[in-house]
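Side chains included, hydrogens not; waters and symmetry mates left out as well; all remaining heavy atoms used. When a residue number appears, it is its place in the shown sequence, counting from 1.
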Amino acid sequence: MLPARADGAEQPRGKPTRRLGGGQSRCPYCGLLGERVATLEHDWVLLEPDMAPLAHTVLAEHRWIELSDGRVAVYGICPPDPYQRCRIEHRLACSEQPLPDLWPWLTALGDENARSAKRQEDPEPPEPPEPPEVWPDTGYWSLACDG
């Protein structure tokens, strides 16, 4: 049996896969960490970390597919395999870069990144609000007692 690679393919014994070094970099706009990855065009792209949506949910020109050597490439094939996963650029989810609402889930991710950046700036959790002195009458107790 051959050892498995990260992309699910089998790796021949004695031939280790050479992966290009990337790492994490901070976004210059929001300050959150992103994953810096080499592209096929010998450039670098900052990808959203720990995010791999199904490729068919992402517009073709924004799909980044991870290759076996660690690089990424835009995957513009339409329609993609229904189970294919892809990566997205951090700039699409960055809370400090205004973009059109491409997808509702991406807008929600941008909002969550804004909350994460704010929590990163202020590590102390906010105090919970004081409970009201008089609780609102929901009608439950009066219905239960009317018998």
Side-chain angles (χ1 to χ4, degrees), residues 3-11 15-145:
R5 294 190 328 205
D7 63 1
E10 291 183 348
Q11 173 67 33
K15 293 190 177 194
T17 301
R18 191 181 87 148
R19 296 185 68 85
L20 296 172
Q24 291 188 328
S25 295
R26 290 208 178 272
C27 172
Y29 300 97
C30 70
L32 293 177
L33 285 175
E35 196 172 329
R36 191 173 138 249
V37 183
T39 68
L40 280 179
E41 293 80 24
H42 308 289
D43 203 355
W44 295 93
V45 63
L46 190 64
L47 298 178
E48 186 67 17
D50 304 320
M51 181 73 170
L54 290 169
H56 71 271
T57 64
V58 178
L59 294 174
E61 61 270 15
H62 297 291
R63 288 184 206 129
W64 290 89
I65 302 297
E66 294 177 311
L67 305 174
S68 61
D69 64 358
R71 294 180 296 170
V72 292
V74 173
Y75 188 69
I77 296 175
C78 289
D81 180 300
Y83 302 105
Q84 174 73 51
R85 296 274 177 178
C86 69
R87 303 288 304 277
I88 60 168
E89 284 183 77
H90 170 74
R91 70 178 181 86
L92 296 176
C94 181
S95 59
E96 297 299 316
Q97 296 187 58
L99 289 172
D101 187 7
L102 299 173
W103 315 282
W105 63 265
L106 187 59
T107 302
L109 179 61
D111 294 344
E112 180 56 33
N113 279 349
R115 287 187 289 275
S116 294
K118 186 172 180 159
R119 284 192 301 268
Q120 186 175 337
E121 292 171 3
D122 183 22
E124 292 294 319
E127 291 293 321
E130 292 291 322
E133 290 189 25
V134 178
W135 290 93
D137 180 13
T138 60
Y140 174 77
W141 194 248
S142 63
L143 290 175
C145 295

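Of all the heavy atoms in Leu109 and Ala93, the pair that sits closest is CD2-CB, 3.6 Å. Across every non-hydrogen atom of Ser25 and Arg36, the tightest pair is OG-CD, 3.3 Å. In plain terms, the two heavy atoms of Val74 and Ala60 that are nearest each other are CG1-O, 3.7 Å. Of all heavy-atom pairs between Arg87 and Met51, the closest is NE-O, 3.2 Å. The nearest pair of heavy atoms linking Leu33 to Pro49 is O-CG, 3.4 Å. Heavy atoms only, all atoms of each residue included: Val45 and Glu89 are closest at CG2-CG, 3.4 Å.
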Would you give me the side-chain donor-acceptor pairs under 3.5 Å for residues 77-85, sequence neighbours excluded?
from  : atom 1 : to    : atom 2 : distance (Å)
Asp81 : OD1    : Tyr83 : N      : 2.7
Arg85 : NH1    : Ala52 : O      : 2.8

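At a threshold of 4.5 Å between non-hydrogen side-chain atoms, the residues Asn113 and His90 count as touching. Looking at heavy atoms from C-beta onward, Glu96 lies out of side-chain contact with Cys27 at the 4.5 angstrom threshold.
Ala114 is linked by a side-chain contact (heavy atoms from CB on, under 4.5 Å) to Ser95, counting only residues two or more places apart in sequence or in another chain. By the salt bridge (Lys or Arg N to Asp or Glu O under 4.0 Å) test, Glu112 is found to be paired with Arg115, Arg119, residues two or more places apart in sequence or in another chain being considered. Legend: residues meeting salt bridge (Lys or Arg N to Asp or Glu O under 4.0 Å) with Arg63, ordered by chain and number and at least two apart, are absent.
Screening residues 38-56 for salt bridge (Lys or Arg N to Asp or Glu O under 4.0 Å), with sequence neighbours left out, gives no hits. Pairs engaging residues 49-77 under the ring pair (Phe, Tyr, Trp, His ring centres under 6.0 Å) rule: His62-Trp103 [sequence neighbours left out].
Taking CG from Leu46 and CD1 from Ile88, the interatomic distance works out to 11.0 Å, rounded to the nearest 0.5 Å.
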